[in-house]
Undergrad: 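Quick one: this structure, given as C-alpha cells, is what I'll be asking you about.
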Amino acid sequence: QVQLVESGGGLVQAGGSLRLSCAASGRTFSTYAMGWFRQAPGREREFVAAITGSGRGRYVADSVKGRFTIARDNDKNTVDLQMNSLKPEDTAVYYCAANTDYRAVQQFARVDYWGKGTLVTVSS
C-alpha cells in the first residue's frame, strides 16, 4: 500500500512558476514509477509527466514539454513537478500517481495509487 500526499499548489500569474511535491509512504518507493496527472473543470484527467523508479527515465506530455520537469528523491520518498512559464490553461487539480510499471503510470486506467490532488490556478 502506498499513500501519496501532494503539496505546493496555489494561485500564480501567467508566466510564473510553481513547484509541486508529492510525498509517498512506504519503504519501497524506489520500486515505483511515479507520475503526475491533471484535471481541469469539466475535463477528463490527463497525463502530465512520469519518471521511472531509478529516476533515469522521464517523459512529459507534449502540452507541457519545455516548461515542466519531473524529478524524484528516493532518499526522501518525494517526486516533484517543476512548472515554469505557466499558462491559464494549466489551471487544474494536479494528482500524483504511482505504479510499479513505468508505462502503466502514464495511463489513467492503470494507475494503482492516487493522491488527493492539489489545486493550481493560473491567472491571466
Side-chain angles (χ1 to χ4, degrees):
Q1 188 78 4
V2 176
Q3 292 184 327
L4 306 173
V5 179
E6 303 94 336
S7 61
L11 174 64
V12 63
Q13 289 188 330
S17 298
L18 275 178
R19 188 176 187 90
L20 305 183
S21 187
C22 173
S25 65
R27 295 173 292 178
T28 59
F29 180 66
S30 63
T31 66
Y32 284 88
M34 300 297 296
W36 286 94
F37 285 72
R38 66 185 181 185
Q39 188 166 16
R43 302 190 67 176
E44 294 185 349
R45 195 170 299 188
E46 66 171 353
F47 168 77
V48 175
I51 189 167
T52 58
S54 67
R56 286 192 286 268
R58 310 179 194 201
Y59 179 72
V60 295
D62 288 343
S63 58
V64 304
K65 194 166 291 183
R67 301 188 298 121
F68 291 13
T69 304
I70 187 170
R72 67 188 295 159
D73 186 331
N74 285 343
D75 291 331
K76 296 181 180 179
N77 282 17
T78 58
V79 57
D80 292 349
L81 185 69
Q82 177 66 43
M83 307 186 295
N84 299 327
S85 302
L86 283 161
K87 306 175 181 179
E89 51 264 43
D90 294 318
T91 295
V93 177
Y94 284 71
Y95 296 89
C96 183
N99 192 299
T100 53
D101 184 86
Y102 179 53
R103 291 188 183 276
V105 84
Q106 300 174 39
Q107 301 171 38
F108 171 75
R110 298 181 64 191
V111 169
D112 282 340
Y113 301 102
W114 292 100
K116 293 184 178 181
T118 185
L119 176 63
V120 172
T121 304
V122 184
S123 63
S124 57

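Along the sequence shown, the residues carry numbers beginning at 1.
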Undergrad: Between Tyr113 and Tyr32, is there a side-chain heavy-atom distance shorter than 4.5 Å?
TA: yes

Undergrad: Tell me whether Ile70 shares a hydrophobic cluster with Val64, the cluster being built from Ile, Leu, Val, Met, Phe, Trp, Tyr side chains joined at under 4.5 Å.
TA: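 Same hydrophobic cluster.
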
Undergrad: Side-chain contact, heavy-atom cut-off 4.5 Å: Asn74 with Arg72?
TA: yes

Undergrad: Transitively linked via ILVMFWY side-chain contacts under 4.5 Å: Val122 with Tyr94?
TA: yes

Undergrad: Identify the residue among Arg45, Glu44, Glu46 that makes a side chain to side chain donor-acceptor pair (under 3.5 Å) with Gln39.
TA: Arg45

Undergrad: Report yes if some heavy atom in the side chain of Ser63 is under 4.5 Å from a heavy atom in the side chain of Arg38; otherwise report no.
TA: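 SC-SC contact between Ser63 and Arg38 confirmed.
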
Undergrad: Which heavy-atom pair separates Ala14 from Ser124 by the least distance, and what is that distance?
TA: CB-CA, 4.4 Å

Undergrad: Report the residue from Val60, Leu20, Asp90, Leu81 that forms a side-chain contact (heavy atoms from CB on, under 4.5 Å) with Val48.
TA: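 Filter result, single survivor: Leu81.
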
Undergrad: Could you check whether atom CZ of Arg103 has more than 12 heavy atoms from other residues, nucleotides or ligands sitting under 6.0 Å from it?
TA: no

Undergrad: Rounded to the nearest 0.5 Å, how far apart are CG of Asp80 and OG1 of Thr69?
TA: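 Taking CG in Asp80 and OG1 in Thr69, the distance rounds to 11.0 Å.
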
Undergrad: In terms of the angle between their ring planes, are Trp114 and Phe37 parallel, tilted or perpendicular, with boundaries placed at 30° and 60°?
TA: perpendicular

Undergrad: Tell me, please, which residues at least two apart from Tyr95 pass ring pair (Phe, Tyr, Trp, His ring centres under 6.0 Å).
TA: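 Tyr95: no ring pair (Phe, Tyr, Trp, His ring centres under 6.0 Å) contacts found.
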
Undergrad: Could you check whether atom NZ of Lys116 has more than 12 heavy atoms from other residues, nucleotides or ligands sitting under 6.0 Å from it?
TA: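 Counting other residues, nucleotides and ligands, NZ of Lys116 stays at 12 neighbours or fewer.
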
Undergrad: Under the side-chain hydrogen bond (donor to acceptor under 3.5 Å, both in side chains) criterion, do Asn84 and Gln82 qualify, and how do the steps go?
TA: CA-CA 7 Å; Asn84 299 327; Gln82 177 66 43; 2.9 Å; yes

Undergrad: If hydrophobic clusters are built from ILVMFWY residues whose side chains come within less than 4.5 Å, do Trp36 and Val12 share one?
TA: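 Yes, Trp36 and Val12 fall within the same hydrophobic cluster.
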
Undergrad: For a quick test of reading the model, state the closest non-hydrogen atom pair linking Val79 to Phe29 and the distance between them.
TA: N-CZ, 4.4 Å

Undergrad: Looking at OG1 of Thr78 and CG of Asp73, how far apart are the two atoms once the value is rounded to the nearest 0.5 Å?
TA: 4.5 Å

Undergrad: Given side chain to side chain contact (heavy atoms under 4.5 Å, CB included), test Val111 with Asn99 step by step and report yes or no.
TA: CA-CA 6 Å; Val111 169; Asn99 192 299; 5.5 Å; no

Undergrad: Sub-3.5 Å donor-acceptor pair from the side chain of Glu6 to the main-chain atoms of Cys22, do we have one?
TA: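 It does not hold such a pair.
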
Undergrad: Distance check, rounded to the nearest 0.5 Å: Tyr102 atom OH versus Ile51 atom CD1?
TA: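 The distance works out to 8.0 Å.
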
Undergrad: Which residue, Leu4, Val2, Val105, Thr52, forms the side-chain contact (heavy atoms from CB on, under 4.5 Å) with Met34?
TA: Leu4

